[in-house]
Participant: 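Pasting in a structure now, in structure tokens, and then I'll have a few things to ask.
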Amino acid sequence: MSLLRGVLLHVLSWAGLCQILYAVCTGLVAVVGAWTVRLLVRHAWYTHRLSCFSKPHADSWLMGHLGQMQSTEEGLLQVDELVQTYKHSCSWFLGPFYHLVRVFHPDYVKPLLMAPASITVKDELIYDHLRPWLGQSLLLSNGEQWSRKRRLLTPAFHFDILKNYVATFNTSTNTMHDKWRRLVAEGRTNTEMFDHITLMTLDSLLKCAFSHNSNCQESTSEYVSAIVELSDLIIDRRLKILHHWDWIYWKTQQGKQFKKALSVVHRFTREVVQKRRALICQQRDTEADFPTAPQRKKDFVDIILLSRDEDGQGLTDEEIQAEANTFMFAGHDTTASAICWTLYNLARHAHYQEKCRQEVVELMKGRERRDGHEIEWEDLSNLTFTTMCIRESLRLHSPVQAVTRKYTQDMALPGDRTVPEGAICLVSIYGTHHNPTVWTDPHEFNPLRFDPANKESQSSHAFIPFSSGPRNCIGQKFALAELRVVVALTLLRFRLTPGENPELGTSSGGVRRLPQLVLRAEGGLWLQLEPLTTANMEEPLAE
């Protein structure tokens with residue numbers, strides 16, 4: 001009898017378990033089914049609303065252009081083809097998940113970038129992957145939260161503050177040039193630019209942001225290595241559609257690597273901010289007792305720690321950490337890319353390089369110092385032709401290839417076209433800068449386009465390397481100042497010619513562009529370095 005009861009209980013327990021499993025599975029199927037139906041209805045709705053835009057060939061109605069967007073040289077050539085074919089805009093679908101309008105003409109770019117910040121939203125396709133690193137920073141926040149942060153951060157990029165950073169730009173560039181001279185002395189004149197210049201911009205930013213001398217150009221830094229790793233992992237994640245969902249990504253090996261590098265970066269920033277807040281409090285006490293005591297120069301963290309809004313409220317430590325992380329993330333790679341491609345373009349155009357060099361030599365006349373030349377704040381406005389070359393390089397090889405936006409209302413564009421609320425607008429900086437209806441011979445390097453005399457004939461949104469409108473890059477003056485200092489000092493001390501990748505054995509004139517978080521080059525960007533003395537500076541290199 002007891003045996004029979006045991007068997008019945010066993011059967012009943014299995015039946016109960018199966019019933020529970022059946023109910024769970026039925027519920028999951030219902031949830032997945034409802035989600036799928038909503039996704040397909042949403043996809044059909046956006047497909048209909050975006051039918052006013054031309055649509056390039058898609059592999060299927062459902063999958064759209066998934067897999068066609070490439071972060072390679074071929075991907076940029078594909079954009080060239082889109083621009084040639086559609087002139088100003090087209091629609092684009094990444095499966096049923098993301099619905100985009102790609103625009104690449106100033107008349108279409110302008111209403112999107114100049115839209116009020118109150119209706120502009122940073123979308124999930126590009127920016128969500130940055131949130132674990134950058135939090136609710138200026139780059140990623142929206143609405144009133146963004147407006148308040150923009151007001152609080154603007155003083156950190158005032159001219160009076162930027163002046164103090166020029167000495168740092170000189171110091172970090174000097175360290176890099178000392179490395180280059182050692183390499184040349186060893187017979188290694190063929191040099192990969194991105195490795196050296198990225199470390200130099202990180203070194204410079206650490207000094208400007210935190211007054212921290214990392215010595216990262218000469219030795220390894222855990223913090224710098226973690227920043228580089230995070231940037232690489234974000235690129236990898238963006239290219240894998242399944243990794244766009246957190247509940248999948250954090251279980252992957254890459255997700256675990258990201259968290260590990262993230263902990264290094266966040267720990268460093270947190271400690272700096274906490275120590276600096278304590279130091280500021282201590283200094284206030286000292287100034288109260290000794291009002292004539294000398295004050296140290298303020299860095300980025302100091303300024304945002306001291307900023308107050310109209311209600312007398314400042315940023316919390318967590319908010320300051322987010323802004324400091326954003327300053328490091330957004331400032332090092334973009335500026336390094338801009339410097340590398342400017343030097344590359346000047347290496348390929350010796351007559352423009354020589355004209356820039358002579359401009360810098362004239363500027364430095366009579367100012368020799370024991371430690372060599374130094375570019376000063378007042379010099380930047382006198383580097384007219386060098387700045388023209390920098391701007392043309394920013395057009396031809398813009399560090400950021402596109403920015404994306406979403407809007408909380410429908411957006412009207414020319415030709416009776418409307419971008420529906422919630423669709424992603426991809427403003428193609430690359431496409432606009434290479435649009436033959438906007439620029440004559442757009443693939444040619446011609447700095448005379450940026451002659452101040454030609455400025456009036458240029459459309460206001462034909463040149464947008466730092467985006468435009470209320471949500472443009474807050475650090476663009478910082479970046480342009482560093483660009484001019486580094487390029488001027490480099491041309492003063494070195495003659496540059498195209499190098500070659502030792503692994504490929506091909507001239508860098510045939511370099512394959514690599515659009516990632518910023519524009520890089522496959523296998524690196526190689527240039528030949530020739531140190532200059534007063535004697536050989538007077539012997540211009542023939543074109």
Side-chain angles (χ1 to χ4, degrees), residues 109 112-118 120-123 126-127 130-131 133-166 168-169 201-202 204-210 227 269 273 298-310 314-316 319-338 377 380 390-391 394 398-400 402-405 427 429 460-461 463-484 517-518:
V109 168
L112 296 175
L113 294 186
M114 296 303 290
S118 58
T120 306
V121 179
K122 290 298 181 78
D123 65 275
I126 301 297
Y127 298 101
L130 297 170
R131 290 191 190 281
W133 182 1
L134 308 182
Q136 288 298 323
S137 64
L138 182 71
L139 180 68
L140 302 179
S141 56
N142 299 302
E144 181 51 40
Q145 184 185 51
W146 173 86
S147 298
R148 176 176 180 267
K149 288 183 176 179
R150 182 84 181 200
R151 290 194 300 272
L152 285 167
L153 288 173
T154 297
F157 296 95
H158 190 273
F159 285 120
D160 290 338
I161 302 300
L162 294 181
K163 287 179 186 178
N164 297 328
Y165 294 149
V166 171
T168 299
F169 299 155
T201 56
L202 279 166
S204 178
L205 275 174
L206 280 165
K207 290 169 182 170
C208 294
F210 307 124
I227 282 184
T269 314
V273 171
K298 294 181 176 64
D299 58 26
F300 179 78
V301 168
D302 286 323
I303 294 161
I304 59 177
L305 270 165
L306 294 167
S307 291
R308 294 290 180 271
D309 60 22
E310 52 275 15
L315 296 168
T316 65
E319 289 175 318
I320 291 168
Q321 289 161 32
E323 300 307 338
N325 285 328
T326 300
F327 186 51
M328 291 301 301
F329 159 75
H332 85 278
D333 238 6
T334 50
T335 310
S337 175
W377 172 259
L380 301 184
I390 289 170
R391 290 186 181 278
L394 286 170
S398 182
V400 177
V403 293
T404 55
R405 301 283 188 268
V427 176
I429 295 173
S460 64
H461 283 71
F463 179 64
I464 47 171
F466 299 102
S467 187
S468 180
R471 297 207 61 151
N472 68 345
C473 173
I474 195 173
Q476 60 182 291
K477 292 184 178 69
F478 178 98
L480 282 170
E482 185 168 17
L483 262 163
R484 283 179 282 188
L517 281 179
V518 299

Participant: Can you tell me which residue among N325, V301, I320 is in a side-chain contact (heavy atoms from CB on, under 4.5 Å) with T269?
Facilitator: N325

Participant: Could you tell me whether the side chain of L394 reaches within less than 4.5 Å of the side chain of F466, counting heavy atoms only?
Facilitator: yes

Participant: Are there more than 12 heavy atoms of other residues, nucleotides or ligands under 6.0 Å from atom CZ of R391?
Facilitator: no

Participant: Would you mind telling me which of F327, F300, F210, Y165 makes a side-chain contact (heavy atoms from CB on, under 4.5 Å) with L205?
Facilitator: F327

Participant: So how far is it from L134 CG to Y127 OH, rounded to the nearest 0.5 Å?
Facilitator: 11.5 Å

Participant: Rounded to the nearest 0.5 Å, what separation is found between the CD1 atom of I474 and the OG atom of S467?
Facilitator: 13.0 Å

Participant: Under the side chain to side chain contact (heavy atoms under 4.5 Å, CB included) rule, what do S137 and K149 come out as? Steps first, then yes or no, please.
Facilitator: CA-CA 8 Å; S137 64; K149 288 183 176 179; 5.6 Å; no

Participant: For the residue pair A336 and T201, what are the closest heavy atoms and their distance?
Facilitator: CB-OG1, 3.7 Å

Participant: Do V403 and R471 come within less than 4.5 Å of each other through their side chains, counting heavy atoms only?
Facilitator: no

Participant: Mark yes or no for whether R131, through its side chain, and L140, through its backbone, hold a donor-acceptor pair below 3.5 Å.
Facilitator: yes

Participant: Going by heavy atoms in the side chains, are H158 and K477 under 4.5 Å from each other?
Facilitator: no

Participant: Side chain of K122, backbone of L139: donor and acceptor closer than 3.5 Å?
Facilitator: yes

Participant: With sequence neighbours left out, write down each residue that passes salt bridge (charged side-chain N to carboxylate O under 4.0 Å, His left out) with K207, or none if nothing qualifies.
Facilitator: D203

Participant: Do F169 and L162 pass the side chain to side chain contact (heavy atoms under 4.5 Å, CB included) test, and can you show the C-alpha distance, the side-chain angles, and the key distance before you say yes or no?
Facilitator: CA-CA 11 Å; F169 299 155; L162 294 181; over 6 Å; no

Participant: Evaluate side chain to side chain contact (heavy atoms under 4.5 Å, CB included) for L153 paired with I304, printing each intermediate quantity in order.
Facilitator: CA-CA 6 Å; L153 288 173; I304 59 177; 3.1 Å; yes

Participant: Starting at CG of N142, measure out to OG1 of T120 and round the result to the nearest 0.5 Å.
Facilitator: 8.5 Å

Participant: Quick check: closest heavy atoms across P155 and I303, and the distance to 0.1 Å?
Facilitator: C-CG2, 4.2 Å

Participant: Would you please test E323 and L138 for side chain to side chain contact (heavy atoms under 4.5 Å, CB included) and show each step?
Facilitator: CA-CA 7 Å; E323 300 307 338; L138 182 71; 3.6 Å; yes

Participant: Using every non-hydrogen atom in the two residues, find where H461 and S468 come nearest and quote the distance to one decimal.
Facilitator: NE2-OG, 2.9 Å

Participant: Does any non-hydrogen side-chain atom of M328 lie less than 4.5 Å from one of L202?
Facilitator: yes

Participant: If you take all heavy atoms of I161 and A156, which pair is closest and at what distance?
Facilitator: CG2-O, 3.5 Å

Participant: What is the distance from atom CD of E319 to atom OG of S307, rounded to the nearest 0.5 Å?
Facilitator: 11.5 Å

Participant: State the CZ-OG distance between F463 and S398, to the nearest 0.5 angstrom.
Facilitator: 7.5 Å

Participant: Kindly write out the residues that satisfy salt bridge (charged side-chain N to carboxylate O under 4.0 Å, His left out) with R150, not counting sequence neighbours, or none if the list is empty.
Facilitator: none

Participant: Side chain of S337, backbone of D333: donor and acceptor closer than 3.5 Å?
Facilitator: no

Participant: Counting C-beta onward and ignoring hydrogens, is there a side-chain heavy-atom pair between I227 and W133 closer than 4.5 Å?
Facilitator: yes

Participant: How far apart are the closest heavy atoms of T168 and S204, and which atoms are they?
Facilitator: CG2-O, 3.8 Å

Participant: Quick check: do R405 and L112 have side-chain heavy atoms less than 4.5 Å from each other?
Facilitator: no

Participant: So which heavy atom on A481 is nearest to which on L380, and how close?
Facilitator: CB-CD1, 3.9 Å

Participant: If you round to the nearest 0.5 Å, how far is CD of E310 from CZ of R148?
Facilitator: 8.0 Å

